[in-house]
Structures are given as C-alpha cells and as structure tokens.
Amino acid sequence: VQLQASGGGLVQAGGSLRVSCSASGIFFSITNMGWYRQAPGKQRELVATITSGGTTNYADSVKGRFAISRDNAENTVTLQMNSLKPEDTAVYYCATVAFGHTWTSLLDVGYWGRGTLVTVSS
C-alpha cells in the first residue's frame, strides 16, 4: 500500500493551496479516506474525511474553508484549502480508515501517507 501526498508549500495568509494523495495497493473506490495534520508541538488532528460514497466531514476549524474530494478513476483524494491562516501551518497526511472502523482515533487509521508540509505566513 502506498499513499503519496503532494502539493504542499508556502503561501501567504488568505491564500489557497491544494494537496493531493495518490493511492495504490488498495481498493480505493470502497475505501474511506481522510486528511490529518500535525502542527509543531501539537497532536495530530483529523481535518477532513470522505466516504467511498462521497460524504464529507470536516473539523470545525476548517469548515467553510477546506474541501475534500476524491477521484475514484484516478485513485486520488484532494484537499483544497482556501482562506488559509497561519494556524493551518502543519504537515498534512492522507490516510485510510481501517476496514470496519470509524475515524474515532489515530488507532483507527489503516494506512498513513508520507506528509506534505503546508506553511502559511502571516
């Protein structure tokens, strides 16, 4: 299984970035996907999730600013981040939820991708 994230970078506050994750080795179309992030000195937190059927869910801190989507034909999941704030600075990780689990804790994650750094300057 490989989850390859890309698209991080440096952006000014108020700007936008898109991070994507390409998956292989899984039955992507039936796998619930999500994005976590970890800021320096903080715990890893769940940012957004999308079910195999396309239902989305967001952390309160990003609602209305971030949008998660998936392309089952390309085995990719994307996180569009708008109106970025300095507090959005973190390493962003895509992940799958373990079969039969829900996004309750880090222990429910099936596979992790390598992170991609997003830095928002003030």
Side-chain angles (χ1 to χ4, degrees):
V1 175
Q2 189 170 20
L3 302 176
Q4 184 67 48
S6 62
L10 173 64
V11 65
Q12 286 189 329
S16 298
L17 270 180
R18 179 183 298 175
V19 290
S20 294
C21 176
S22 177
S24 61
I26 60 173
F27 291 104
F28 183 83
S29 64
I30 63 171
T31 301
N32 295 338
M33 302 294 298
W35 285 95
Y36 282 81
R37 69 184 180 186
Q38 188 165 18
K42 294 189 176 182
Q43 291 187 330
R44 196 169 295 190
E45 62 173 349
L46 185 60
V47 175
T49 64
I50 185 166
T51 68
S52 58
T55 300
T56 58
N57 200 11
Y58 299 93
D60 288 342
S61 58
V62 306
K63 277 181 182 176
R65 301 189 297 121
F66 288 14
I68 187 172
S69 61
R70 64 190 296 154
D71 184 338
N72 288 338
E74 298 292 331
N75 285 10
T76 58
V77 58
T78 298
L79 186 67
Q80 176 68 42
M81 303 179 287
N82 301 322
S83 302
L84 282 161
K85 305 175 181 179
E87 51 263 44
D88 295 317
T89 294
V91 177
Y92 284 72
Y93 300 88
C94 68
T96 70
V97 68
F99 183 77
H101 289 232
T102 58
W103 300 97
T104 304
S105 77
L106 295 179
L107 296 177
D108 295 298
V109 171
Y111 296 99
W112 291 101
R114 296 184 68 177
T116 184
L117 177 62
V118 171
T119 304
V120 184
S121 63
S122 57

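All values below come from the heavy atoms of this structure, side chains included, with hydrogens, waters and symmetry mates left out.
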Which distance, rounded to the nearest 0.5 Å, do you find between the [atom1] of [X] and the [atom2] of [Y]?
{"X": "I68", "Y": "Q80", "atom1": "CD1", "atom2": "CD", "value": "12.0 Å"}
{"X": "L117", "Y": "Q38", "atom1": "CG", "atom2": "CD", "value": "12.0 Å"}
{"X": "D108", "Y": "L46", "atom1": "CG", "atom2": "CG", "value": "10.0 Å"}
{"X": "D71", "Y": "T76", "atom1": "CG", "atom2": "OG1", "value": "4.5 Å"}
{"X": "E87", "Y": "S122", "atom1": "CD", "atom2": "OG", "value": "10.0 Å"}
{"X": "Q2", "Y": "I26", "atom1": "CD", "atom2": "CD1", "value": "11.0 Å"}

Contact between [X] and [Y] at the side-chain level, heavy atoms closer than 4.5 Å - yes or no?
{"X": "W103", "Y": "Y36", "value": "yes"}
{"X": "F66", "Y": "T56", "value": "no"}
{"X": "E45", "Y": "R37", "value": "yes"}
{"X": "F28", "Y": "N72", "value": "yes"}

Check: T49 side chain, G34 main-chain N or O, donor-acceptor pair, under 3.5 Å: no

Backbone N/O of L84 and side chain of D88: donor-acceptor pair under 3.5 Å: no

For [X] and [Y], which heavy atoms make the closest approach, and how far apart are they?
{"X": "S16", "Y": "S83", "answer": "OG-N, 4.4 Å"}
{"X": "A39", "Y": "T89", "answer": "CB-O, 3.5 Å"}
{"X": "S29", "Y": "S52", "answer": "O-CB, 3.2 Å"}
{"X": "L3", "Y": "C21", "answer": "CB-SG, 3.8 Å"}

CZ/R18: more than 12 non-hydrogen atoms of other groups inside 6.0 Å: no

Same cluster for [X] and [Y] if Ile/Leu/Val/Met/Phe/Trp/Tyr side chains link at under 4.5 Å?
{"X": "Y93", "Y": "V109", "answer": "yes"}
{"X": "V62", "Y": "M33", "answer": "yes"}
{"X": "M81", "Y": "V11", "answer": "yes"}
{"X": "Y58", "Y": "Y92", "answer": "yes"}
{"X": "W112", "Y": "V97", "answer": "yes"}

Polar side chain donor-acceptor pair, T51 to N32, under 3.5 angstrom: no

Short side-chain donor-acceptor distance under 3.5 Å, T78 and S20: yes

Audit row: V77, W35, side-chain contact (heavy atoms from CB on, under 4.5 Å) steps and yes/no: CA-CA 9 Å; V77 58; W35 285 95; 3.9 Å; yes

